[in-house]
Amino acid sequence: MAPLKNSDHPESSRLHGGNDKDQDMAMTEATGIKERWEIEELKANWQADPSFDLCAAEGFEAHREELARWEDECNARWERELEWQRKSAVRARMLKFRCSRELAEYLVELEETIANVQWAVQNLEHPSRPEPASKPWMPSLGLIAQV
């Protein structure tokens with residue numbers, strides 16, 4: 001067996017001015033395991049635009065469980081926020097119109113429907129227009145603030 005030259009030694013690139021980041025990237029590509037910053041960047045991108053399937057993101061197959069868990073946590077938090085906003089909207093309608101809870105819930109439901117129809121019409125006029133930032137939780141949050 002031939003002796004190893006300096007350039008063949010695993011430590012040689014680090015010892016002789018090689019780029020550790022390039023080696024880390026090559027190792028990451030070989031194992032499929034991403035750096036923490038890459039995972040956090042993907043999460044931030046999904047949180048800003050949850051229209052794509054986070055768990056099916058290309059290159060992040062080794063992190064599916066973590067991403068699925070995080071997606072579930074976000075969805076649960078958004079659902080809690082939505083529920084709180086909805087209850088607040090109902091209470092506001094009850095106070096403003098001095099009506100029953102049932103009527104106030106119906107008003108909020110109508111406002112949500114109107115907001116969804118408005119968004120759909122705008123989307124027909126401008127097909128490339130992205131969904132509002134408040135989607136999928138509640139597009140009518142602007143209407144609630146007007147009360």
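Sequential numbering from 1 along the given sequence is applied to the chain's residues.
- When the shell of 6.0 Å around OH of Y106 is examined, it contains 12 or fewer heavy atoms from other residues, nucleotides or ligands.
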Trace of the side chain to side chain contact (heavy atoms under 4.5 Å, CB included) decision for V121 with E125:
CA-CA 6 Å; V121 167; E125 294 169 357; 3.7 Å; yes

Return all side-chain donor-acceptor pairs below 3.5 angstrom for residues 62-69, not counting sequence neighbours, or 'none' if the list is empty.
from, atom 1, to, atom 2, distance (Å)
H63, NE2, K34, N, 2.8
R64, NE, C55, O, 3.0
E66, OE1, R36, NH2, 3.3
E66, OE2, R36, NH1, 2.6
E66, OE2, R36, NH2, 3.3
E66, OE2, K43, NZ, 3.2

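- In this structure, the side chain to side chain contact (heavy atoms under 4.5 Å, CB included) partners of E81, at least two apart in sequence or on a different chain, are R77, W78.
- We find that E105 and R86 are not joined by a salt bridge, their nearest charged nitrogen and carboxylate oxygen being 4.0 Å or further apart.
- Between the CZ atom in F97 and the CG atom in L103 there is a gap of 8.5 Å [rounded to 0.5 Å].
- Between I39 and E35, the closest side-chain pair of non-hydrogen atoms is not below 4.5 Å.
- Rounding to the nearest 0.5 Å gives a distance of 9.5 Å between CG of L95 and CZ of R91.
- Annotation: the span from Q47 atom CD to C74 atom SG amounts to 4.5 Å, rounded to 0.5 Å.
- One distance of note links NZ of K96 with CG of L107; it measures 10.0 Å at 0.5 Å rounding.
- Remark: A57 engages L42, F60 in a side chain to side chain contact (heavy atoms under 4.5 Å, CB included) (not counting sequence neighbours).
- The heavy-atom pair separating M94 from S100 by the smallest distance is CG-O, 3.9 Å.
- With sequence neighbours left out, the side chain to side chain donor-acceptor pair (under 3.5 Å) criterion links D49 to S51.
- With side-chain heavy atoms closer than 4.5 Å counting as contact, directly or through intermediates, W84 stands alone and belongs to no larger hydrophobic cluster.
- Side chain of W46 to backbone of D53: no donor-acceptor contact under 3.5 angstrom is found.
- Between the side chain of N116 and the main chain of E112, a donor-acceptor pair closer than 3.5 Å is present.
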